[in-house]
Amino acid sequence: MKVLKLLLGTIIIGLTFTYCDKETDNSSTVCDKSLIVDKDQYNTEPNDQLTIISAELDNDCLKINFASSGCSGSSWEVKLIDSGIILYSDPPQRNLRLSLKNQELCDAYIEKEITFDISDLQVNGDKVLLNLTNSGDQILYEY
């Protein structure tokens, strides 16, 4: 019985040290929204006036800073939509569009930043060029 208690104590202490020694992975990023991959939505979703100020990658999140006129931007419906088509070049390319439905009738200039999970855009290989069509920007996504 004494040996069993000693063995059990050793296992518990070992597990405690193992748990405490694990490093926390701070590199994973949680995105605000998911990307939509759909040819029909790419062509038909609202295309209200907006200005894309910047677009940059943070791991598998595409961070887009944009602006439009409105009252507060709280009623805006924003989607990042992929055309569903892969352009086979080197590297392959995908076309994206930031869709905005804005029914606010105020003249204020509102700026927002939203991140989108783009991990579904990965293709064979280790990179894809993202064409953000309503900004003219191209972003190299390496994974």
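The structure displayed is predicted, hence computed values, not measured ones.
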Q: Could you give me the CA-CA distance, side-chain angles and deciding distance for Lys112 and Trp76, then say whether side-chain contact (heavy atoms from CB on, under 4.5 Å) is met?
A: CA-CA 10 Å; Lys112 288 194 169 207; Trp76 291 354; 3.8 Å; yes
Q: In terms of hydrophobic clustering (I, L, V, M, F, W, Y; side-chain heavy atoms under 4.5 Å; direct or indirect links), are Val78 and Ile139 co-clustered?
A: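 The answer is yes; both residues are in one hydrophobic cluster.
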Q: Within the 4.5 Å heavy-atom criterion, are Leu100 and Asn47 side-chain neighbours or not?
A: no
Q: Just checking, is any N or O donor in the side chain of Thr133 or Asn131 under 3.5 Å from an acceptor N or O on the other one?
A: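 Short answer, no.
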Q: Counting only heavy atoms from other residues, nucleotides and ligands, does the tally under 6.0 Å from CD of Glu111 exceed 12?
A: yes
Q: Nearest 0.5 Å, what's the OG-CD distance between Ser68 and Gln49?
A: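 It comes to 6.5 Å.
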Q: Which distance, rounded to the nearest 0.5 Å, do you find between the CD1 of Ile86 and the CG of Asn95?
A: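 Output value for this atom pair is 11.0 Å.
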Q: Among residues at least two apart in sequence or on other chains, which ones pass ring pair (Phe, Tyr, Trp, His ring centres under 6.0 Å) with Tyr42?
A: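 Counting only residues at least two positions away or on another chain, Tyr42 forms no ring pair (Phe, Tyr, Trp, His ring centres under 6.0 Å).
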Q: Is there a path from Leu57 to Tyr143 through hydrophobic residues (I, L, V, M, F, W, Y) whose side chains come within less than 4.5 Å of each other?
A: yes
Q: For the residue pair Ala108 and Cys71, what are the closest heavy atoms and their distance?
A: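 In this case the closest contact between Ala108 and Cys71 is CB-O, 4.5 Å.
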Q: Show the nearest heavy-atom pair for residues Pro92 and Val123, with the distance to one decimal.
A: CG-CG2, 3.9 Å
Q: Is the shortest heavy-atom distance from the side chain of Asn65 to the side chain of Ile52 under 4.5 Å?
A: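 No, their side chains stay 4.5 Å or more apart.
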Q: Could you tell me which non-hydrogen atom of Ile53 sits nearest to which non-hydrogen atom of Ala67, and how far apart they are?
A: CD1-CB, 3.9 Å
Q: Is the count of non-hydrogen atoms from other residues, nucleotides or ligands lying under 6.0 Å from Leu105 atom CG greater than 12?
A: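 At most 12 heavy atoms, drawn from other residues, nucleotides or ligands, come within 6.0 Å of this atom.
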Q: Does atom NZ (Lys33) have a neighbourhood of more than 12 heavy atoms from anything else shown, all under 6.0 Å?
A: yes
Q: Are side-chain N/O atoms of Glu104 and Ser75 paired as donor and acceptor at under 3.5 Å?
A: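 Ser75 and Glu104 do have a side-chain donor-acceptor pair below 3.5 Å.
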Q: Regarding Tyr141 and Asp60, is there a side-chain donor-to-acceptor distance under 3.5 Å anywhere?
A: yes
Q: Asp82 and side-chain contact (heavy atoms from CB on, under 4.5 Å): which partner among Ile36, Val37, Ile118?
A: Val37
Q: Check whether Ile81 and Ile85 end up in the same hydrophobic cluster, where Ile, Leu, Val, Met, Phe, Trp and Tyr are linked by side-chain heavy atoms less than 4.5 Å apart.
A: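 No: no chain of side-chain contacts under 4.5 Å links Ile81 to Ile85.
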Q: For Arg97 versus Asn134, what's the shortest heavy-atom pair and its separation?
A: CA-OD1, 3.9 Å
Q: With a 4.5 Å limit on heavy-atom distance, are the side chains of Asn59 and Cys61 in contact?
A: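 No, too far: nothing below the 4.5 Å cut-off.
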Q: Does the side-chain contact (heavy atoms from CB on, under 4.5 Å) test come out yes or no for Leu140 and Lys127, once each step is laid out?
A: CA-CA 7 Å; Leu140 184 61; Lys127 58 187 164 188; 4.1 Å; yes
Q: For Leu132 and Leu80, what are the C-alpha separation, side-chain angles and deciding distance, and is it a side-chain contact (heavy atoms from CB on, under 4.5 Å)?
A: CA-CA 10 Å; Leu132 195 51; Leu80 183 64; 4.1 Å; yes
Q: Answer yes if Ile114 and Leu96 sit in the same cluster of Ile, Leu, Val, Met, Phe, Trp and Tyr residues linked by side chain heavy atoms under 4.5 Å apart, and no otherwise.
A: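 Yes, one cluster joins them.
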Q: Decide whether Val128 and Leu98 are clustered together by the hydrophobic rule: side chain heavy atoms of Ile, Leu, Val, Met, Phe, Trp, Tyr closer than 4.5 Å, transitively.
A: yes
Q: To the closest 0.5 Å, what do you measure between CZ (Phe66) and CG (Leu50)?
A: 7.0 Å
Q: May I have the step-by-step check of side-chain contact (heavy atoms from CB on, under 4.5 Å) for Glu45 and Glu77, ending in yes or no?
A: CA-CA 10 Å; Glu45 282 297 307; Glu77 293 177 30; over 6 Å; no
Q: Does Glu142 have more than 12 heavy atoms from other residues, nucleotides or ligands lying within 6.0 Å of its CD?
A: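 Counting other residues, nucleotides and ligands, CD of Glu142 exceeds 12 neighbours.
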Q: Please report the shortest heavy-atom distance between Ser99 and Pro46, naming the atom on each side.
A: OG-O, 2.7 Å
Q: Check whether more than 12 heavy atoms from other residues, nucleotides or ligands sit under 6.0 Å from atom OH of Tyr88, and answer yes or no.
A: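 Counting other residues, nucleotides and ligands, OH of Tyr88 stays at 12 neighbours or fewer.
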Q: Identify the heavy atoms of Asp137 and Ser135 that sit nearest to each other, and give their distance.
A: N-OG, 3.0 Å
Q: What distance separates Cys31 SG from Leu62 CG, expressed to the nearest 0.5 Å?
A: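 Between atom SG of Cys31 and atom CG of Leu62 there are 9.0 Å.
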Q: For a side chain to side chain donor-acceptor pair (under 3.5 Å) check, start with the C-alpha distance between Asp32 and Thr115, then their side-chain angles and the critical distance, and finish with the verdict.
A: CA-CA 5 Å; Asp32 299 323; Thr115 58; 3.2 Å; yes
